[in-house]
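Structure first, commentary second.
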Number of protein chains: 2
Amino acid sequence: MDAVTEAAGGRKADEVKSAARVLEVLELLGRDGARLSLAEMASAMSVPKSSLHAILRTMQARRWVDLDSAGTRYSLGLKALLTGTAYLEGDDVASLAGPVLDTLAEETGEAVHLGRLDGTDVVYLAKRESRHALRMYSAVGRRLPAHATALGKAVLSQYDAAEVQRRLNWPLERLTPDTVTGPDDLLAQLAEARLRGWALDDGENAVDIRCVAVPLGATPSGGDALSCSAPRSRMDDARLEEVASAVTGAAHSLRTLLKRLGQH
Amino acid sequence: MDAVTEAAGGRKADEVKSAARVLEVLELLGRDGARLSLAEMASAMSVPKSSLHAILRTMQARRWVDLDSAGTRYSLGLKALLTGTAYLEGDDVASLAGPVLDTLAEETGEAVHLGRLDGTDVVYLAKRESRHALRMYSAVGRRLPAHATALGKAVLSQYDAAEVQRRLNWPLERLTPDTVTGPDDLLAQLAEARLRGWALDDGENAVDIRCVAVPLGATPSGGDALSCSAPRSRMDDARLEEVASAVTGAAHSLRTLLKRLGQH
DNA sequence: ATCGAGCGTTCAGATGACCGAATGGCGTTG
DNA sequence: CAACGCCATTCGGTCATCTGAACGCTCGAT
């Protein structure tokens with residue numbers, strides 16, 4: 001029955017306007033690295049300046065946004081730091097993953113990640129850096145399109161074709177020349193991943209980066225997966241298999257820890 | 001000129017009610033590790049259930065809070081993860097501190113922190129873990145009273161007595177038997193820290209933990225400091241001096257990096 | 001089975017927020 | 001030196017949110 005609200009190209013139904021705006025401000029400042037003026041934000045959000053002004057005053061008073069000394073540029077405040085880390089501490093999967101990621105990072109020597117599917121994106125929940133000098137960039141909280149990452153494909157491989165069709169926005173966004181964009185290609189890759197037990201990203205998200213991921217199965221909060229990424233120069237096909245089995249082992253350990261937790 | 005707003009023992013001036021409530025929800029879920037029901041939150045915040053209900057619906061639709069499968073317990077959502085890390089990425093001090101902390105952690109082998117004063121609290125902006133098995137607990141985003149931490153005292157030692165009196169809430173909260181609570185004791189410690197160049201926390205915040213901190217001087221966003229913490233068993237007076245000089249060196253490096261950045 | 005306590009949810013009236021235009025301050029341009 | 005552009009900020013009328021009480025529901029206890 002919620003189709004009614006979404007139909008007619010309409011606004012969201014019963015939303016509290018200023019509540020939604022607060023969240024939109026946080027998302028805006030979080031995305032663009034901050035440093036925006038009131039006028040810039042108002043136009044970006046299509047909200048009257050005067051309305052946004054009152055909201056920003058409230059947020060500033062509570063230290064959720066900072067105003068620079070000139071009084072003209074807003075950025076995220078210190079209170080914003082609290083929520084991110086608190087989310088991770090309150091999450092069973094993320095907090096149990098620590099030791100597993102440590103082990104996996106040590107075994108492989110490469111960058112390893114815990115990711116979670118959120119809509120059409122994958123969000124990094126935790127990471128361990130590669131010990132090599134040549135590193136890939138990543139950050140906890142960062143989002144990447146699910147269809148272009150091993151993590152995303154690992155999670156999606158647990159769903160059936162109809163579910164995948166429903167969840168993603170077609171056509172898929174292209175990030176590199178190798179990004180898969182059509183449903184047929186993606187579904188074929190997912191089927192392969194399902195059989196094999198792990199998903200592959202071969203330069204589909206960042207050129208020259210190969211990445212292997214294994215889904216964690218039914219976790220309370222949607223779909224999680226573990227991955228290991230490295231530059232192609234350190235990840236030939238043979239090495240890929242090695243890494244995949246290490247990641248599979250780590251995923252198995254984490255699943256075991258989660259089961260144990262579930263039984264109190 | 002910001003004294004005007006704080007003066008007059010001010011009631012909340014023009015706050016947008018639902019905006020303030022959104023932030024309060026995030027703070028509440030962030031503090032208590034989440035898992036709260038609507039009724040619990042409503043009573044904790046002294047807000048009618050029905051009002052909070054609409055706000056939580058809005059937050060849930062945007063994935064800033066999650067509702068468990070039973071539909072009765074709220075926790076932080078995935079969007080909350082974005083702001084915390086974005087704050088750190090947008091902050092010059094925090095992003096330059098990485099390598100400096102790495103070096104300091106390697107030199108000392110103990111837990112090292114970058115902290116920032118926020119009101120009467122110190123917030124951890126970054127940390128590196130001790131390499132010993134016996135570790136102290138800490139987390140980025142976590143808050144501790146400034147007067148009971150080396151980080152807080154390091155920052156406060158840069159202000160004069162009147163400023164310190166004004167900034168803190170007297171009497172100071174007692175966390176351990178050794179916490180200083182009176183103005184005279186604290187001001188004496190701050191004067192000592194100013195002369196010596198580093199501040200000390202000797203079990204005033206957590207029993208058996210000793211911590212050394214050095215202020216970073218005038219940073220754009222208030223007061224920052226670097227610290228190194230260890231259990232008393234690994235931190236006798238001689239070791240304290242050693243560690244203090246390592247932290248001082250690290251603080252100097254970081255100040256140099258910041259100056260260089262300031263000159264483009 | 002019956003009751004009751006707790007939960008999330010709904011609704012119509014009262015209150016407070018939102019909006020657009022107008023104001024005053026500041027740095028930059030002609 | 002003056003005029004402009006851009007900025008944050010204020011103010012009263014209109015409308016949407018907030019409110020408190022009532023509802024249906026799922027539990028656990030009687």
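Quick note on labels: first sequence line is chain A, next is B, and so on, each numbered from 1. Quick caveat: nothing in here was measured; it's all calculated off a predicted structure.
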* Just call it for B/R73: base, sugar-phosphate, or nothing, with non-hydrogen atoms closer than 4.0 Å on any strand. => nothing
* Of A/L38 and A/S18, the one whose closest DNA chain D nucleotide lies more 5' -> A/L38
* To do: Figure out the CG/P separation between B/L56 and C/dG8, and round it to whole Å.
  => 9 Å
* B/T72-B/S37 side chain donor-acceptor pair, cut-off 3.5 Å -> no
* Residues B/D118, B/R143; criterion side chain to side chain contact (heavy atoms under 4.5 Å, CB included); working and verdict -> CA-CA 9 Å; B/D118 181 47; B/R143 290 167 173 266; 2.8 Å; yes
* With a distance cut-off below 6.0 Å to the six-membered ring centre and an angular limit of 45° from the axis, does B/R35 pair with B/Y74 as a cation-pi contact? -> no
* Check: B/S50 side chain, D/dG20 base, donor-acceptor under 3.5 Å -> yes
* Does the A/E89 side chain pair with the main chain of A/S95, one donor and one acceptor, at a distance under 3.5 Å? -> no
* Asked: Of A/R21 and A/K49, whose nearest nucleotide on DNA chain C comes first from the 5' end?
  -> A/R21
* Structure fact -> Stems field, DNA chain C, Watson-Crick or wobble, 3.5 Å, at least 3 pairs, by first number, holds C:4-28 with D:3-27
* Asked: Base, sugar-phosphate, or nothing for B/S37, non-hydrogen atoms under 4.0 angstrom?
  -> sugar-phosphate
* Whole angstrom is fine here: how far is it from NZ in B/K17 over to P in C/dG16? => 6 Å
* Looking only at atom types and distance, does a side-chain atom of A/W170 sit under 3.5 Å from a main-chain N or O of A/P183, one as donor and one as acceptor? -> no
* Is a side-chain N or O of A/T58 found less than 3.5 angstrom from the main chain of A/A54, in a donor-acceptor match? -> yes
